[in-house]
Structure formats: structure tokens, C-alpha cells
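First the structure, in the form of C-alpha cells, and then the observations on it.
Along the sequence shown, residues are numbered consecutively beginning with 1. Since the model is a prediction, treat every value here as computed from it, not as a measurement.
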Amino acid sequence: MGKLTQVGVAALKPAATLSKAGYGFVWDGELRGFGVQVLASGRKSFVVQYRNAQGRSRRMTIGRYGVMTVEEARREAKSLLGQIARGLDPAAPAATANVATVADVCAWYLVEAGEGRLLGRRRRPIKASTLAMDRSRIEAHILPLLGRRRIASLTLGDIEGAQADIAAGKTAKPRGSGRGGATTGGEGVAARTLSTLSALLEHAARLGRIDANPARGARRLASLSKTRRLSRSELERFGDAIRAGEADGEPPVALAVVRFILLTGFRRMEALSLERRWLDPDACAIRLPDSKSGPQTRVIGQLAMSLLQAQPQSASAYVFPGDRGEGHFVGISRVLDRVCARAGLQEVTLHALRHTFASVAGDIGVSELTIAALLGHASRGMTQRYVHIDAATRTAANLTSNEIAGALGPSGA
């Protein structure tokens, strides 16, 4: 191929470049050692290939196409190749620390964490669900604001400034025509993104990929407690809206998910990813092999268990299967938005349904410790192992779900 150009790189297709290893390279005809790597997914990254002073072949990623232009990558490649000509090895850890960009470190983190080589909470490999959220924050917020910046040049002001930009909505994007949701801004998103950035930079610093974590000491925006809950009258309107949605063709599986979260206080992904083999109808419990707080047995009310058992059987392992493929249902937030619009309710999220369950439990006199067990909150010591199987917890689960179902009205469960 001749000289790499923006148009030429944009037109590259995986099928034309892939090797048996699942990736391929297209090399620049003008600058020896400079090229672009194309993955099966279609992702393209600029690379430099060279031999160091010891004669070892090295390949170094410069940055991702789309984050960098061809000409920006070419300038970076010339700089690196100049260092190589002077006997330096930019891919060596000490050298890499000085030239690495935020995009480089993010790409490294996603690969290392994806292969289980980085430890997260409780000194266990980072969960796939956590990594998916990290990837989303990286692509939606971190790369657009800081991707091209070299780590060595970043200051606390840069990092806290990026947090302020996210909070102000500078990286927000509207929901597209596909199944993906909108990219939102706001203080909560900004704070969580800063946490992701700080954590991945800390991994890189600890393992010698960069000299130091420039986000260490950055002040994260304080989160405001979420207090939105549905009152008794709002629950009645919500139940009416669910029945209207059923009559107008809303997906039954989606409405069942909404009811289930209200009746149990389950987290969004705990409900959506629920598998039939985890149900224990005799104990009226769900045996979660993993959760935000680790493996758990979660007691639920009889009405909630009946709702799960009433879901149609399918080839999918999930209680709430998607409408195609073998995955679980997606698009629940859009269905909830439509139900709330019918009911004339505002600022109701899936977390607000979880908070409603907890609030109703408190209203009827359930203790804070028992509510924590029903919600799956982490706690220490033997209490976490045994509180979920006592009679008080079972009674609380039934009373709370019955109270909510009564407010929802017919088919409340």
C-alpha cells in the first residue's frame, strides 16, 4: 500500500486484512515501520514496528484511529522512530511511561482487565459487568476529553476539569435509533468516570506502565442521595399505566421485570440477568452465584416468586429473555419511561423502584438490618451469611411485596 491516508484507513475492512490470528496490518509505504492494525471487530489502531538495540522485534500502539487522525499518528510515529534511531526503546516500561497517552493506558487496561490479570474489589479479577461500565465511561467521556493527552503532562487541574466538563454535559449525546441508551452527563456520571480513570491509572502506575498516577488526590464530586420513591397514590397510577401498557402491546417480559424490581428491590442487572437455575421456590429465595456484594442467597416474597414462575419457558437460560438471540431482555429503561409517561410520573428510574421497595419496607416497620439483607447490601461477619435465612427476613419480604402489589392493583404481581 502507498502512503496511509485518512480516506484509505477509513475504507479498510477487516475481511481484507485479517490473518488467522484474527487481526491484520496495513503498512505505510512512505514511513517504514508505521502502520495500522485492524481487528475483527473493525477497530483500528496505529502502530510502530521496529527492532531495538538488542535486535528484538517490538511493536508499539500509538493510538486508536478515530481518537487520532492519520497525520497525528504519523507525527507521533516519526518522533518514536527518531528515539529508536538514537538507541532508545520506547516500548520498554521506563520509556513508555514518558510517551504513553491516556488512550494508550485505557487500551492497556481494557486488555489486561479483560484477560483477568488485574484485581479489583476483594482482590478478585475485575468482573465483566464492571469492565463493561468502565469501557462505556472510557469511550463516552475519558477518550473524547483526555485521550490524546500524554500521562506525563496531566495535572490535577486537567483531571478535575474533565470531571467538571462531564458534569456540565459536554460529552453527553442523545439516544440513537438503535438499542443503546443516551450518553448522559451530570455530577453522578462525572464522579463515577473520575473513579474509573483514577483506578485504571493506579493499576498502570503500580505495574510500571506509567511513572505515577496523576489522578491521585483528585477530588471527586460528592454524590447526592437518591430519595425518589413512589407514594401510595403514585403506585396506584403506576399500576394503571402497566395495565394500559399491556393492552397497548408493551413487551410483557419488560413489564414483568418492572414489577419484579418493585416487588423485590433487586438491582437492574440482578433482575435482567436472572437465570432459572438460580430460583429456589421451596425456600422462596434466589441463589445468586455473584452480585455487587459477592455470592448471595436473596429471600423474596411469594408473590415475586410466583411472578418468576409464571414467565413463559424458552430456550434461553434467562427468566426474562430477549426478543432475539440467547441473551436477556434489553431496553428496559425505554419501557419504564413509557409507563411513567402514561402515569404522569417524572424522575422515576429503575433505582427509584428499588428505593420504593426499601421505603415501603421501612414504612411497615422492617428493621434496617433486614432491609439491607433484602436489598443485598454488603455487610461483614457472620450476619451476612445467616440473616437472609431467618423467619423475620422471610416475613418482611412477604409483607413488603404484598403491600406494593396491593397498591399496584390487579395483576400487581
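For R232, the salt bridge (Lys or Arg N to Asp or Glu O under 4.0 Å) partners are E236, E403, not counting sequence neighbours. For F238, there are no ring-ring contact (aromatic ring centres under 6.0 Å, His included) partners at least two apart in sequence or on another chain. For R135, there are no salt bridge (Lys or Arg N to Asp or Glu O under 4.0 Å) partners at least two apart in sequence or on another chain. Residues passing the ring-ring contact (aromatic ring centres under 6.0 Å, His included) test with Y65: none are found, sequence neighbours excluded. E234 pairs by the salt bridge (Lys or Arg N to Asp or Glu O under 4.0 Å) definition with R228, not counting sequence neighbours.
For R150 and T101, the side-chain atoms include no donor-acceptor pair closer than 3.5 Å. Side-chain contact of S45 with R64: a donor-acceptor pair under 3.5 Å is absent, judged by distance alone. Between S231 and S233, the side chains place a donor N or O and an acceptor N or O closer than 3.5 Å (distance only, hydrogens not considered). Counting only N and O atoms by type, the side chains of H141 and T193 include no donor and acceptor under 3.5 Å apart.
Between R334 and D337 there is no salt bridge, since no side-chain N of the basic residue sits under 4.0 Å from a carboxylate O of the acidic one. The pair E187-R220 fails the salt-bridge criterion, with no side-chain N (NZ, NE, NH1 or NH2) lying under 4.0 Å from an Asp/Glu carboxylate O. A salt bridge links R74 to D28: at least one charged side-chain nitrogen sits closer than 4.0 Å to a carboxylate oxygen. The pair R338-E250 meets the salt-bridge criterion, with a side-chain N (NZ, NE, NH1 or NH2) lying under 4.0 Å from an Asp/Glu carboxylate O. For E246 and R259, the salt-bridge test passes: some basic side-chain N is under 4.0 Å from an acidic carboxylate O.
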R287 vs T297, side chain to side chain donor-acceptor pair (under 3.5 Å): CA-CA, chis, key distance, verdict = CA-CA 4 Å; R287 314 283 183 182; T297 295; 3.1 Å; yes
Full working for side chain to side chain donor-acceptor pair (under 3.5 Å) between T69 and Q6 = CA-CA 7 Å; T69 67; Q6 194 75 6; 4.8 Å; no
Could you go through the salt bridge (Lys or Arg N to Asp or Glu O under 4.0 Å) check for D248 and R342 one step at a time?
-> CA-CA 11 Å; D248 285 350; R342 290 176 185 276; 2.9 Å; yes
Can T370 and S367 be said to form a side chain to side chain donor-acceptor pair (under 3.5 Å), step by step?
-> CA-CA 5 Å; T370 302; S367 72; 2.9 Å; yes
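Taking 4.5 Å as the limit, some side-chain heavy atom of F260 sits within range of a side-chain heavy atom of F320. Contact of the L4 side chain with the W27 side chain is not registered, since no non-hydrogen atoms from C-beta on lie closer than 4.5 Å.
Atoms CD1 and CG, on I261 and L350 in that order, are 4.5 Å from each other to the nearest 0.5 Å.
Crowding of R117 atom CZ: a count of heavy atoms from other residues, nucleotides or ligands under 6.0 Å exceeding 12. Within a 6.0 Å sphere centred on CD of E72, heavy atoms belonging to other residues, nucleotides or ligands number more than 12. Residue R32 qualifies as open at atom CZ: its count of foreign heavy atoms under 6.0 Å is 12 or below. For R124, the CZ atom counts as loosely surrounded, since its 6.0 Å shell holds 12 or fewer non-hydrogen atoms of other residues, nucleotides or ligands.
Sorted by first and then second residue, the pairs that involve residues 354-377 and meet salt bridge (Lys or Arg N to Asp or Glu O under 4.0 Å), not counting sequence neighbours, are R229-D363.
No donor-acceptor distance shorter than 3.5 angstrom exists from the side chain of Q37 to the backbone of R43, with no hydrogens or angles considered.
Only one option out of I371, L375, L263 pairs with F357 in a side-chain contact (heavy atoms from CB on, under 4.5 Å); it is L375.
Cation-pi geometry between R298 and F266 is met: the NZ or CZ atom falls under 6.0 Å from the ring centre, inside 45° of the normal.
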